[in-house]
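So that the names make sense, note that chain A is the first sequence line, chain B the second, and so on, each numbered from 1. Keep in mind that the numbers below use all heavy atoms, side chains included, and drop hydrogens, waters and symmetry copies.
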2 protein chains.
Amino acid sequence: MFDDQHIKVAVDAVVFGYKDLKLHTLLIKQKYSPFQGWWSLPGGFVKDDESLLAGVARELREEAGITVNYLEQLYTFGDDVKRDPRARVISISYFALVNADQFTLKADTDAIEAQWFEINDLPELAYDHARITEMALTRLRAKIHYQPIGFNLLNKEFTFPELEQLYTAILQKPIDRRNFRKKILSFDLLVETNKFQKEGSGRPAKLYRFHTQKYQALMASGFYFEIKFA
Amino acid sequence: MFDDQHIKVAVDAVVFGYKDLKLHTLLIKQKYSPFQGWWSLPGGFVKDDESLLAGVARELREEAGITVNYLEQLYTFGDDVKRDPRARVISISYFALVNADQFTLKADTDAIEAQWFEINDLPELAYDHARITEMALTRLRAKIHYQPIGFNLLNKEFTFPELEQLYTAILQKPIDRRNFRKKILSFDLLVETNKFQKEGSGRPAKLYRFHTQKYQALMASGFYFEIKFA
DNA sequence: ACAAAAGTGTTAGACCTACACCCATGG
DNA sequence: CCATGGGTGTAGGTCTAACACTTTTGT
């Protein structure tokens, strides 16, 4: 019952970043067979004495040198017994958000290269990683409606136009600027700064910060964040 | 990288059933140590050549002789390295719904006894199964608002009072009968039969069926089921 | 003064919520 | 005919969705 099982346990992460007004995901070029040279999700095998979370964090550090702003479990892929040609491997996949501007990617032990890819222009992926990525994207699109997770993709201080553009990039449909601002402000979770973002042409936009503590307090007392746009 | 890992993979299921106007969950009395005699979730180790889903289905069959109406992955527990005192074991846990009336529980190989427990009156559970159950309950309560999963707990033909009582049992708060009926009917997903449930006193209630096919068709074209009650 | 992007309010319709009486059956 | 539980409509309030002009800045 114990020694006749030979299943290996891996963790993989779909890391989303927002760059150049587009949603990106982080991929690693595989160094070894059986998918040498292919792009794949960052991830790897879990150590015997390491929690799953610690495993993902370690792989992200080793393979891409990044620390994420948000991390949650996505799904465990283990129904296809042959998803890894080498052995029976199940993958506990995670969903992560990061501020892409904050890092210069660097590769390390397990990978040749780490790179951001625009979500609508992904290369062919190793294993079942395309499916995992798709599922993560579905989760992101669903979740952004009922949790304020978008802020994890932006700088600590951001403008309304940035936030709005982020939502448009994720949901791939236009948003009414006035209704969006009204709704977001109604939660009273943003802190207005006195700073402005002066870039490009046009009127400078005011910078805001997300009030994480206040959100956590509200959460605890049964508050629900929600934004609907048909 | 392959042979230095010794993590075991188990699956566990939180099976919900609705009986005697109350929400129940299915528990198994452990036959062997380290939790001999304790109540625990049905589950066990996955076989090398078996999908995770097949593993859960097999365990449910073997341990309790049941087949479920609804089954989805819940969460993978593997952050506590010592959640099983014998070895490093991760548990991929599932969330299942079943029509409790339809089965007479029978125990088999791995268990002494299988039994329904009222959700507000659970015994102390083995391993971290209390936490898993709690998470499943949270999921059920959330999910019943935005997916028509309640029908999986009832007979194929059911009455409005039954459906309403089910929601009350799950959410543990009263519901306005008129608004509930109006909302459910507005989806146009129920098929009215000409039959009535004649039981007890009072006016007999009309029997309805859930139109599964129609629901699946609507789903495919972007429809969302949703019931809110503050 | 012009171009570019930020900021701002109102209104109609949809949806949610609260609420009380009549109806069908069995004893 | 009484007790029990099933079935039904309406009105007020709140939220959503649609829509266009003014403000600030750089050139």
Check: Are more than 12 heavy atoms from other residues, nucleotides or ligands located less than 6.0 Å from atom CZ of B/R131?
Finding: no
Next item on the list: Report the distance from atom NE2 of A/H145 to atom P of D/dC15, rounded to the nearest whole Å.
Entry: 19 Å
Check: A/D176 has an atom CG; how far is it from atom C1' of C/dA6, in whole Å?
Finding: 14 Å
Checklist line | Proximal nucleotide (of D/dT10, C/dG7, C/dG9) relative to the A/R203 side chain | finding: C/dG7
Check: How do B/G202 and A/K206 order along DNA chain C: which one's closest nucleotide is nearer the 5' end?
Finding: A/K206
Check: In terms of side-chain heavy atoms of B/K182, which of D/dG7, D/dA17, D/dT10 is nearest?
Finding: D/dT10
Check: Roughly how many Å is it from CD1 in A/I227 to P in D/dC15, rounded to a whole number?
Finding: 15 Å
Item checked: Between C1' of C/dC15 and CZ of B/F180, the distance in whole Å -> 17 Å
Check: Rounding to a whole Å, what distance do you find between B/E199:CD and D/dT4:C1'?
Finding: 14 Å
Margin query: Whole angstroms only, please: what is the NZ-P distance between A/K173 and D/dA17?
Written below: 10 Å
Next item on the list: Measure from the side-chain heavy atoms of B/N179 and tell me the nearest of D/dT16, C/dA18, D/dA18.
Entry: C/dA18
Item checked: Donor-acceptor under 3.5 Å (A/N99 side chain, A/D101 main chain) -> yes
Check: Aromatic ring centroids of A/Y18 and A/F16 under 6.0 Å?
Finding: no
Next item on the list: Output the single nucleotide from D/dG7, D/dA20, D/dG9 whose closest atom is nearest the side chain of A/R177.
Entry: D/dA20
Margin query: Rounded to whole Å, how long is the line connecting atom NZ of B/K228 with atom P of D/dC15?
Written below: 10 Å
Notebook entry, point to check: Closest to the B/R178 side chain: D/dT25, C/dA20, C/dA6?
Noted result: C/dA20
Notebook entry, point to check: Which of parallel (below 30°), tilted (30 to 60°) and perpendicular (above 60°) describes B/F77 and B/Y75?
Noted result: perpendicular
Next item on the list: Grab the OH-P distance between B/Y224 and C/dA14 for me, whole Å please.
Entry: 23 Å
Checklist line | Residue A/S201, side-chain heavy atoms: nucleotide from C/dA4, D/dT16, D/dA18 that is nearest | finding: C/dA4
Next item on the list: Find which nucleotide of DNA chain C each of B/K198 and A/A205 is nearest to by heavy atoms, and output the residue with the more 5' nucleotide.
Entry: A/A205
Checklist line | Nearest heavy-atom neighbours spanning B/Y167 and B/I227 | finding: OH-CD1, 3.7 Å
Notebook entry, point to check: What nucleotide among D/dA17, D/dG7, C/dG7 has an atom nearest to a side-chain atom of A/R181?
Noted result: C/dG7
